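So the structure is just underneath, and the comments pick up after that.
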Amino acid sequence: MKEYKVILGSSILDLEQQINEFLKMNWQLQGGVSVRYNRGVGNNEMFYAQAVVKI
């Protein structure tokens with residue numbers, strides 16, 4: 001059975017570290033990195049996401 005996860009990071013470095021840990025556990029990247037810019041009143045946060053799969 002195939003497993004699917006979405007890894008979320010609050011920075012590129014955070015996301016890279018998490019992805020590297022999943023890659024060490026034989027997960028594979030699925031697609032590219034998505035970036036979400038949350039722009040609101042007093043809020044300018046960036047979120048990064050990467051899907052991974054394990055077969």
Side-chain angles (χ1 to χ4, degrees):
M1 183 174 159
K2 189 183 266 192
E3 292 182 67
Y4 179 88
K5 288 187 181 279
V6 176
I7 304 169
L8 297 175
S10 57
S11 69
I12 290 293
L13 181 60
D14 178 38
L15 184 64
E16 286 175 351
Q17 290 172 343
Q18 290 187 69
I19 288 171
N20 284 327
E21 291 301 316
F22 275 87
L23 293 175
K24 288 176 188 174
M25 295 183 290
N26 296 318
W27 287 80
Q28 298 175 351
L29 301 177
Q30 181 70 37
V33 173
S34 295
V35 179
R36 170 77 171 133
Y37 182 60
N38 185 19
R39 183 175 38 177
V41 177
N43 188 9
N44 291 321
E45 296 176 309
M46 297 285 282
F47 296 97
Y48 305 89
Q50 172 68 56
V52 292
V53 293
K54 189 171 190 180
I55 301 170

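Hydrogens, waters and symmetry mates are skipped; everything else that's a heavy atom, side chains included, is used. Note that the coordinates shown come from a computational prediction; the quantities given were computed from them, not determined experimentally.
- Criterion: ILVMFWY side-chain heavy atoms under 4.5 Å apart, direct or through other members. Under it, V52 and M25 are part of a common hydrophobic cluster.
- Y48 OH to L13 CG: the interatomic distance, rounded to the nearest 0.5 Å, is 11.0 Å.
- Between Q28 and I55 the shortest heavy-atom distance is OE1-CD1, 4.0 Å.
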Exercise. Hey, mind stepping through D14 and Q18 against side chain to side chain donor-acceptor pair (under 3.5 Å) and telling me if it holds?
Worked result: CA-CA 6 Å; D14 178 38; Q18 290 187 69; 3.3 Å; yes
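- The CD atom of Q17 lies 11.5 Å from the CD1 atom of I12; values are rounded to the nearest 0.5 Å.
- Counting only distance, with no hydrogens or angles, the side chain of Q50 and the backbone of G31 share a donor-acceptor pair below 3.5 Å.
- Within a 6.0 Å radius of NZ in K54, other residues, nucleotides and ligands contribute more than 12 heavy atoms.
- Within the hydrophobic cluster formed by Ile, Leu, Val, Met, Phe, Trp and Tyr side chains joined at under 4.5 Å, directly or through other members, V53 is accompanied by Y4, V6, L8.
- Note that the CZ atom of F47 and the CG atom of L15 stand 12.5 Å from one another [nearest 0.5 Å].
- For the pair E3 and W27, the minimum side-chain heavy-atom distance is below 4.5 Å.
- M46 CE to R36 CZ: the interatomic distance, rounded to the nearest 0.5 Å, is 10.5 Å.
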